[in-house]
Amino acid sequence: QFQLVESGGGLVQPGGSLRLSCAASGIPLNYYVIGWFRQAPGKEREGVSCVSRSGSSISYRDSVKGRFAISRDNAKATVYLQMNSLKPEDTAVYYCAAATRMFGECLLSGTDYVHWGQGTQVTVSS
């Protein structure tokens, strides 16, 4: 049984940093493209970043470029999202998700991801 578990969320002041982790179990992590998504209260879910199986293809939504960095360690079966210079608008529940029927360049279409973690809350507030 494949499972994803997010951790690392919390309360941080504007300008601060957090590192989210997504730990996979049950199936080798390199079988999957991994994406990070977020959903703020009253807002639609949106893609944040994704990384291909080998790490050679990475995508970010425009609003986080230069501030967030995604990485994966297949040996540790973990994907990370380093978040720097956090802003109040980054406040959301962050979800890790895995896609199997995605090849080449990773995409941030939520419908392409079939396995989802439980989410971890990130709150950016002074």
Side-chain angles (χ1 to χ4, degrees):
Q1 180 69 35
F2 185 67
Q3 186 176 19
L4 298 172
V5 179
E6 302 95 332
S7 62
L11 175 64
V12 65
Q13 294 184 351
S17 298
L18 286 172
R19 187 179 74 162
L20 306 183
S21 297
C22 174
S25 62
I27 298 176
L29 183 63
N30 64 3
Y31 283 20
Y32 302 98
V33 169
I34 301 296
W36 284 98
F37 297 79
R38 66 187 182 186
Q39 187 166 23
K43 302 293 183 64
E44 296 294 320
R45 182 185 63 196
E46 63 183 20
V48 177
S49 183
C50 61
V51 59
S52 65
R53 292 171 177 82
S54 67
S56 62
S57 177
I58 293 173
S59 296
Y60 300 97
R61 71 178 301 106
D62 288 343
S63 63
V64 307
K65 288 180 179 177
R67 299 190 298 119
F68 290 11
I70 191 171
S71 61
R72 66 188 296 160
D73 187 334
N74 289 331
K76 294 182 178 180
T78 303
V79 176
Y80 305 96
L81 184 67
Q82 179 67 46
M83 305 186 295
N84 300 322
S85 301
L86 283 162
K87 304 175 180 179
E89 53 262 44
D90 295 317
T91 296
V93 177
Y94 283 71
Y95 298 91
C96 179
T100 56
R101 296 182 61 82
M102 183 182 296
F103 307 95
E105 185 177 19
C106 74
L107 303 173
L108 286 170
S109 174
T111 58
D112 292 323
Y113 293 81
V114 296
H115 300 290
W116 294 79
Q118 84 290 347
T120 184
Q121 176 71 49
V122 172
T123 302
V124 184
S125 176
S126 59

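Keep in mind the model is a prediction, meaning the values are calculated, not measured. Any value given below was found using the heavy atoms of this structure, including those in side chains, with hydrogens, waters and symmetry copies removed.
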Rounded at 0.5 Å granularity, tell me how far CZ in Arg72 sits from CD1 in Ile58. 10.0 Å

Surrounding CD of Glu105 (heavy atoms of other residues, nucleotides or ligands, distance under 6.0 Å), is the total greater than 12? no

For Gly9, is there any backbone N or O sitting under 3.5 Å from a side-chain donor or acceptor partner on Thr120? yes

Could you state whether Ile27 and Val51 fall into the same hydrophobic cluster, counting links through intermediate Ile, Leu, Val, Met, Phe, Trp or Tyr residues with side-chain heavy atoms under 4.5 angstrom apart? yes

What are the two closest non-hydrogen atoms of Gln121 and Thr91, and how far apart are they? NE2-CG2, 4.1 Å

Tell me if a side-chain donor or acceptor on Arg38 pairs with a main-chain N or O of Val122 at a distance below 3.5 Å. no

Worked check of side-chain contact (heavy atoms from CB on, under 4.5 Å) between Ile34 and Leu29: CA-CA 9 Å; Ile34 301 296; Leu29 183 63; 3.9 Å; yes

Worked check of ring pair (Phe, Tyr, Trp, His ring centres under 6.0 Å) between Tyr32 and Tyr113: CA-CA 9 Å; Tyr32 302 98; Tyr113 293 81; over 10 Å; no

Please name the pair of heavy atoms, one in Gln39 and one in Lys43, separated by the smallest distance, quoted to 0.1 Å. NE2-O, 3.2 Å

Do Thr123 and Val12 come close enough that some side-chain heavy atom pair is under 4.5 Å? no

Just grab all the ring pair (Phe, Tyr, Trp, His ring centres under 6.0 Å) pairs involving residues 52-103, residues at least two apart or on different chains. none

Leu20 backbone acceptor or donor facing Glu6 side chain under 3.5 Å: no

Does a side-chain heavy-atom distance below 4.5 Å link Pro88 with Ser125? no

To check you understand the geometry: which heavy-atom pair defines the closest contact between Leu4 and Cys22, and what is its length? CD2-SG, 3.8 Å

Rounded to the nearest 0.5 Å, how far does CD of Gln1 lie from OG of Ser25? 8.5 Å

Taking side chain to side chain donor-acceptor pair (under 3.5 Å) as the test, write out the residues that go with Ser57, two or more places apart. none

Looking only at the side chains, is there a donor atom on one of Asn84 and Ser17 sitting less than 3.5 Å from an acceptor on the other? yes

Indicate yes or no: at least one non-hydrogen side-chain atom of Trp36 is less than 4.5 angstrom from one of Cys96. yes

Hydrophobic cluster membership, with links at side-chain heavy-atom distances under 4.5 Å among I/L/V/M/F/W/Y: are Leu18 and Val64 in one? yes

Phe37 and Trp116 aromatic ring geometry - parallel, tilted or perpendicular at 30°/60° bounds: tilted

Is it true that a side-chain atom of Asp73 and a backbone atom of Lys76 form a donor plus acceptor pair closer than 3.5 Å? yes

For the pair Arg53 (side chain) and Tyr31 (backbone), establish whether a donor and an acceptor sit closer than 3.5 Å, ignoring hydrogens and angles. yes

Of all residues at least two apart in sequence or in a different chain, which pass the salt bridge (Lys or Arg N to Asp or Glu O under 4.0 Å) check with Arg61? Glu46

So, do Val79 and Ser21 sit near enough that their side-chain heavy atoms are less than 4.5 Å apart? no

Go through the side-chain N and O atoms of Ser56 and Ser54 and say whether any donor and acceptor fall under 3.5 Å apart. yes

Measure across Leu107 and Met102 and return the closest heavy-atom pair with its distance rounded to 0.1 Å. N-SD, 3.3 Å

Quick check against the 3.5 Å criterion: does Arg67 have a side-chain atom that pairs as donor or acceptor with the backbone of Ser85? yes

Taking all atoms of both residues into account, what is the closest heavy-atom pair of Ala40 and Ala92, and its distance? N-CB, 3.8 Å

Taking all heavy atoms of Leu81 and all of Ser49, pick out the closest pair and write down the distance. CD1-CB, 4.2 Å

Ion pair present between Asp90 and Lys87, side-chain N to carboxylate O less than 4.0 angstrom? no

